[in-house]
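This one's a predicted model, so the numbers in the text were calculated from it and none came from an experiment. Note that these values count all heavy atoms, side chains included, but never hydrogens, waters or copies made by symmetry. Chain letters run A, B, ... following the sequence lines, proteins first, then strands; residues in each count from 1.
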Amino acid sequence: MTKFSDLNLNPKVLKAINEAGYETPTPIQAEAIPPALEGRDVLGIAQTGTGKTASFTLPMITLLARGRARARMPRSLVLCPTRELAAQVAENFDTYAKHLKLTKALLIGGVSFKEQDVAIDRGVDVLIATPGRLLDHFERGKLILSDVKVMVVDEADRMLDMGFIPDIERIFGMTNPLTRQTLFFSATMAPEIERITNTFLSAPARIEVARQATTSETITQGVVMFKASRRDREASEKRKLLRTLIDKEGDKCTNAIIFCNRKMDVDVVAKSLKKYGYNASPIHGDLEQSHRMKTLDSFRDGSLRFLVASDVAARGLDVPNVSHVFNFDVPSHAEDYVHRIGRTGRAGRDGTAMMICVPKDEKNLADIERLVQNEIPRLENPLKTAKPAEVADGGEEKKYTGRTRRSSKSGETRSKTSDKVAAATDTQAATPETNVQAPAAAADTQTKSKTDSRQNKSDDRRANSNDNRGKSGDNRSSSRSNNRSRGGRDNGKTVVGLGDHLPSFIALSFEERRAG
DNA sequence: AAAAAAC
């Protein structure tokens with residue numbers, strides 16, 4: 001088998017690789033490093049988790065080991081779609097270039113220009129950037145890219161999704177095609193990506209690595225088909241279902257990423273989990289950059305157990321050892337499902353991916369199953385399994401004290417009235433195992449059973465008016481979706497209740513469902 | 001329909 005020592009890497013790079021504990025390259029590293037060292041263009045079709053980052057940093061460091069950068073004229077450039085990814089690539093350079101005197105600069109938004117300006121002025125060997133901030137520097141005349149010897153485009157398909165392709169083309173145009181070597185990575189080869197590579201790569205070595213996440217055997221997948229007892233309770237009942245799924249996994253769930261489709265839901269879910277005693281923090285693009293970094297660091301070092309995330313964290317982030325991925329929402333782009341669950345089951349380890357699918361997401365679920373060419377196993381809804389006797393004496397979800405009422409903007413208030421489902425879910429939350437997992441939830445449950453429903457209703461109104469004041473857009477959008485579903489395809493086949501009635505689609509085979 | 005990325 002190929003070893004790193006067989007690859008003609010700079011001895012000081014090899015030393016750093018050994019110190020990091022690696023001996024054997026991953027397939028993409030073994031295949032991409034030799035042509036890259038020969039100065040050839042490389043087209044790598046691979047996802048993160050395959051060792052992609054090192055497959056370009058290692059040869060780059062080796063190539064850059066000789067020579068020295070001139071002021072404002074970086075010798076190499078790595079473009080990444082998100083700030084986190086760029087920061088991660090920068091760390092990778094630090095790790096493997098530690099025995100060499102290479103200078104680097106990280107050009108990302110959300111942080112001050114000053115430090116970046118100083119570094120550029122001094123001259124850098126490696127520039128790692130997101131497109132927006134790079135162009136910003138360029139337009140201010142701070143940057144000359146004509147001396148770039150190696151240019152890397154990482155996660156090109158994500159750049160495409162994010163509308164960065166025109167920027168990328170502009171940046172390509174700022175470099176010298178005759179002296180530039182290009183290493184280009186993408187998880188998929190969409191037609192637009194194909195076009196870019198045909199335009200900017202010359203006779204590339206094409207390296208394709210199996211798409212590990214498509215239906216990785218190391219990931220146990222499942223989806224819970226869930227219909228709320230009432231439309232307006234969907235959000236809070238989903239959160240309860242999420243807690244139950246987490247609790248059922250027990251110690252097997254050492255850490256997890258919980259994906260939501262919208263930033264607002266990321267905040268709400270994180271806040272709700274915290275309220276119930278779970279160690280959770282949100283991450284999405286509206287949070288301050290320094291805060292994003294801090295959150296990610298604590299998730300990596302294990303002090304944070306649950307990362308509630310938008311798709312900012314779906315791709316590229318290297319967070320080893322994630323035991324679980326929970327898709328609180330079904331992603332609306334099927335491709336994103338593959339990226340999200342690819343955060344677990346990495347490097348041959350076992351992982352679990354669970355998703356909650358509400359009726360309006362069934363079409364997206366079908367798209368995902370078509371993409372991965374597999375039916376995602378249906379999981380029993382754990383909230384439906386409570387025995388009737390327990391249901392009868394279950395408490396209500398709420399019972400807000402004055403203190404918690406203030407936090408009711410998180411949306412928990414909407415699920416307060418008593419009905420079979422709310423009672424059943426509370427009973428579930430009060431089981432002993434759950435108490436161990438979520439002490440705050442347990443305390444809440446014990447005090448809540450005496451709450452009378454009139455009190456609840458008035459709380460509800462108050463909380464809703466708070467919501468209106470705080471974020472009016474929120475309510476508008478939820479009433480929009482209500483209307484849509486009322487006039488929509490739910491007609492005639494609305495599932496009644498949750499306890500005894502099987503949603504009709506579950507009885508259908510996958511083929512029948514697609515056909516009908 | 002939303003998220004990400006530039007001030």
Expressed as a whole number of angstroms, how long is the span from [X]:[atom1] to [N]:[atom2]?
{"X": "A:L287", "N": "B:dA5", "atom1": "CG", "atom2": "P", "answer": "11 Å"}
{"X": "A:Q116", "N": "B:dA6", "atom1": "CD", "atom2": "P", "answer": "9 Å"}
{"X": "A:E288", "N": "B:dA4", "atom1": "CD", "atom2": "P", "answer": "15 Å"}
{"X": "A:R340", "N": "B:dA3", "atom1": "CZ", "atom2": "C1'", "answer": "10 Å"}
{"X": "A:E155", "N": "B:dA5", "atom1": "CD", "atom2": "C1'", "answer": "15 Å"}
{"X": "A:L85", "N": "B:dA5", "atom1": "CG", "atom2": "P", "answer": "11 Å"}
{"X": "A:L143", "N": "B:dA6", "atom1": "CG", "atom2": "P", "answer": "14 Å"}
{"X": "A:K360", "N": "B:dA1", "atom1": "NZ", "atom2": "P", "answer": "12 Å"}

Base of B:dA1 paired with side chain of A:S332 (donor-acceptor, under 3.5 Å): yes
Cationic N near anionic O, under 4.0 Å, A:D311 to A:R340: yes
If you compare every side-chain N and O of [X] against the phosphate oxygens of [N] (OP1, OP2), does one of them come in below 4.0 Å?
{"X": "A:R292", "N": "B:dA5", "answer": "yes"}
{"X": "A:K263", "N": "B:dA4", "answer": "yes"}
{"X": "A:T130", "N": "B:dA4", "answer": "no"}
{"X": "A:S310", "N": "B:dA4", "answer": "yes"}

Would you classify [X] as touching base, sugar-phosphate or nothing, given that sugar-phosphate means primed atoms plus P, OP1 and OP2, and contacts are heavy atoms under 4.0 Å?
{"X": "A:R140", "value": "nothing"}
{"X": "A:H333", "value": "base"}
{"X": "A:G110", "value": "sugar-phosphate"}

Selection residues 73-82 of chain A - residue pairs positive for side-chain hydrogen bond (donor to acceptor under 3.5 Å, both in side chains), sequence neighbours left out: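 Pairs touching residues 73-82 of chain A that pass the test: A:R75-A:D125.
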Spacing of A:T57 atom OG1 and A:Q29 atom CD [to the nearest 0.5 Å]: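 It comes to 8.0 Å.
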Pair A:S281-A:K294, side chain to side chain contact (heavy atoms under 4.5 Å, CB included): steps then yes or no: CA-CA 10 Å; A:S281 282; A:K294 242 183 274 170; over 6 Å; no
Contacts of type side-chain contact (heavy atoms from CB on, under 4.5 Å), residue A:K238, not counting sequence neighbours: A:F226, A:E234, A:F328, A:D329, A:I356, A:V358
Side chain of A:R158 (C-beta onward), nearest among B:dA4, B:dA6, B:dA3: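 Shortest atom-to-atom distance from the side chain points to B:dA4.
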